[in-house]
Amino acid sequence: MASVSSQPQFRYTQPPSKVLHLRNLPWECTEEELIELGKPFGKVVNTKCNVGANRNQAFIEFADLNQAIAMISYYASSSEPAQVRGKTVYLQYSNRQEIVNNKTAADVPGNVLLVTIEGADARLVSIDVLHLVFSAFGFVHKITTFEKTAGFQALVQFSDAETATSAKDALDGRSIPRYLLPEHMGPCTLRITYSGHSDLSVKFQSHRSRDYTNPYLPVAPSAVEGSGQAMVGLDGKRLETESNVLLASIENMQYAVTLDVLHMVFSAFGPVQKIAMFDKNGGLQALIQYPDTQTAVVAKEALEGHCIYDGGFCKLHISYSRHTDLSIKVNNDRSRDYTIPNTPNAQPSILGQQSAPMVGPPGQPYNGSQTGWGSGPPAGVQSMPMQMHNNVYMPPGSMPQQMAPGMQFPSHNSSQPTTTLPAYGSDRAQ
DNA sequence: AGCACA
């Protein structure tokens with residue numbers, strides 16, 4: 001025998017697996033229908049539907065391999081094909097041995113929907129039209145819209161998950177009725193998932209966001225610039241709306257800025273509840289959440305314009321975010337919810353050191369005793385707020401790729417699904 | 001109608 005080992009398998013055939021791969025499903029197909037389909041042949045332990053680019057594929061996992069074989073065998077010789085909603089579905093053994101359910105927030109029912117409006121003219125859809133469309137299913141509390149690489153998106157907040165679900169079920173994949181749109185506009189299709197949010201933060205009524213529960217909310221100042229709803233004060237300086245969540249962007253990022261680094265930097269001013277990092281405009285940005293606005297104000301004043309590393313590297317620019325509570329869906333190397341104790345994914349190292357309860361009077365500098373650098377807020381900090389004494393911030397120049405003694409950065413580079421960030425950041429779907 | 005992720 002010449003070639004024994006890695007013979008490419010015959011195209012489109014797979015060795016038996018407990019997991020079956022289904023295609024040509026109607027996109028409305030639900031997990032319940034998949035279970036119904038598989039139940040006659042055995043115990044369905046897991047399913048996944050709306051898979052693939054067209055969301056018309058699915059997986060069924062049986063408890064036992066023989067059950068999967070039974071189903072394949074049955075339909076292989078049956079005169080009636082397997083059907084869902086009258087549509088013939090094609091089955092085969094999956095090339096995977098188990099279904100991994102990356103249940104993201106998009107799958108977990110909630111009262112807020114993430115709506116992606118598809119179509120060439122998507123961004124011309126007004127918030128009023130969206131309000132009209134979604135109001136058919138119940139009282140719409142708030143809507144925010146924003147533009148992402150995924151396109152034009154909106155978050156639509158209902159009272160409860162049931163109402164949101166009815167709207168999602170009815171509208172997902174459908175197009176906005178033509179009579180609601182100006183004549184010249186092309187079709188606009190709605191793609192809907194659940195958002196991780198439960199209460200949107202709407203500070204102004206504007207063409208981009210509305211709070212229908214509060215008609216007296218002030219109308220947005222006409223000149224809203226950049227990310228931090230800035231108004232102009234009497235002195236001509238920008239007045240920003242303070243928030244407990246800071247938006248930090250990092251300029252001249254010659255050296256990697258990790259979640260742990262940010263956590264340490266911002267923990268100097270108080271307990272950091274959540275951090276989410278994401279790429280924006282080719283640079284790195286992060287949202288840092290404190291329990292209260294006072295702490296955020298102190299941190300912003302202290303850190304704005306300073307550099308994480310000597311030599312002008314990784315300069316921080318900080319503004320207030322419009323968020324008040326970040327929605328962290330998964331703890332990974334880009335985002336973390338530090339308020340959840342002993343998160344499975346939580347990594348050792350710095351986190352471990354800082355796991356001591358970080359409670360202190362709001363507005364007071366957090367004395368992070370565990371980290372040994374909690375000598376108050378960097379009141380006297382000049383240009384180097386981060387250059388504390390415990391070698392954590394060994395200047396990159398002197399020790400480029402090495403860890404400082406005692407430091408163990410997480411070694412795994414898990415590329416878990418990026419977390420989904422909030423409304424104005426990125427509510428997934430990038 | 002052909003294998004999942006943001």
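Heavy-atom basis, side chains included; hydrogens, waters and symmetry copies ignored.
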query: Of A/Tyr90 and A/Gln97, whose nearest nucleotide on DNA chain B comes first from the 5' end?
result: A/Tyr90
field: Residue whose nearest DNA chain B nucleotide is more 5′ - A/Ile99 or A/Lys87
entry: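 The 5'-side residue here is A/Lys87.
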[N] [atom2] sits how many Å from [X] [atom1], rounded?
| X | N | atom1 | atom2 | value |
| --- | --- | --- | --- | --- |
| A/Asn54 | B/dA4 | CG | C1' | 14 Å |
| A/Asp107 | B/dC5 | CG | P | 10 Å |
| A/Lys329 | B/dC5 | NZ | P | 16 Å |
| A/His21 | B/dA4 | NE2 | P | 8 Å |
| A/Asp333 | B/dC5 | CG | P | 19 Å |
| A/Asn46 | B/dC3 | CG | P | 20 Å |
| A/Leu20 | B/dC3 | CG | C1' | 12 Å |
| A/Arg334 | B/dA6 | CZ | P | 15 Å |

Out of [options], which nucleotide sits closest to the side chain of [X]?
| X | options | result |
| --- | --- | --- |
| A/Asn95 | B/dA1, B/dA4, B/dC3 | B/dC3 |
| A/Val51 | B/dA1, B/dC3, B/dA4 | B/dA4 |
| A/Lys48 | B/dA1, B/dC3, B/dA4 | B/dA4 |

task: Answer with base, sugar-phosphate or nothing: what part of the nucleic acid does A/Glu98 contact at a heavy-atom distance below 4.0 Å?
output: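 Base contact.
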task: Report which part of the nucleic acid A/Val100 touches: base, sugar-phosphate, or nothing (heavy-atom distance under 4.0 Å, all strands).
output: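 Base contact - A/Val100 has a heavy atom under 4.0 Å of at least one base atom.
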- prompt: What's the spacing between A/Arg210 CZ and A/Asp128 CG if we round to 0.5 Å?
  reply: 4.5 Å
- prompt: Taking only residues two or more places apart in sequence, or in another chain, which ones meet A/Phe158 in a ring pair (Phe, Tyr, Trp, His ring centres under 6.0 Å)?
  reply: none
message: Check this one for me: any side-chain N or O of A/Arg23 less than 4.0 Å away from OP1 or OP2 of B/dC3?
response: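 Answer no for this pair, as no side-chain N or O of A/Arg23 is under 4.0 Å from OP1 or OP2.
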field: Exam field: side chain A/Ser78 to backbone A/Pro81, donor-acceptor pair closer than 3.5 Å
entry: no
task: Would you confirm whether A/Asp211, through its side chain, and A/Thr213, through its main-chain N or O, come within 3.5 Å as a donor-acceptor pair?
output: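 Flag set: sc A/Asp211 to bb A/Thr213 pair under 3.5 Å.
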field: Pairing residues for A/Ala136 by the side chain to side chain contact (heavy atoms under 4.5 Å, CB included) criterion, not counting sequence neighbours
entry: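 If we apply the side chain to side chain contact (heavy atoms under 4.5 Å, CB included) test to A/Ala136, skipping adjacent residues, there are no hits.
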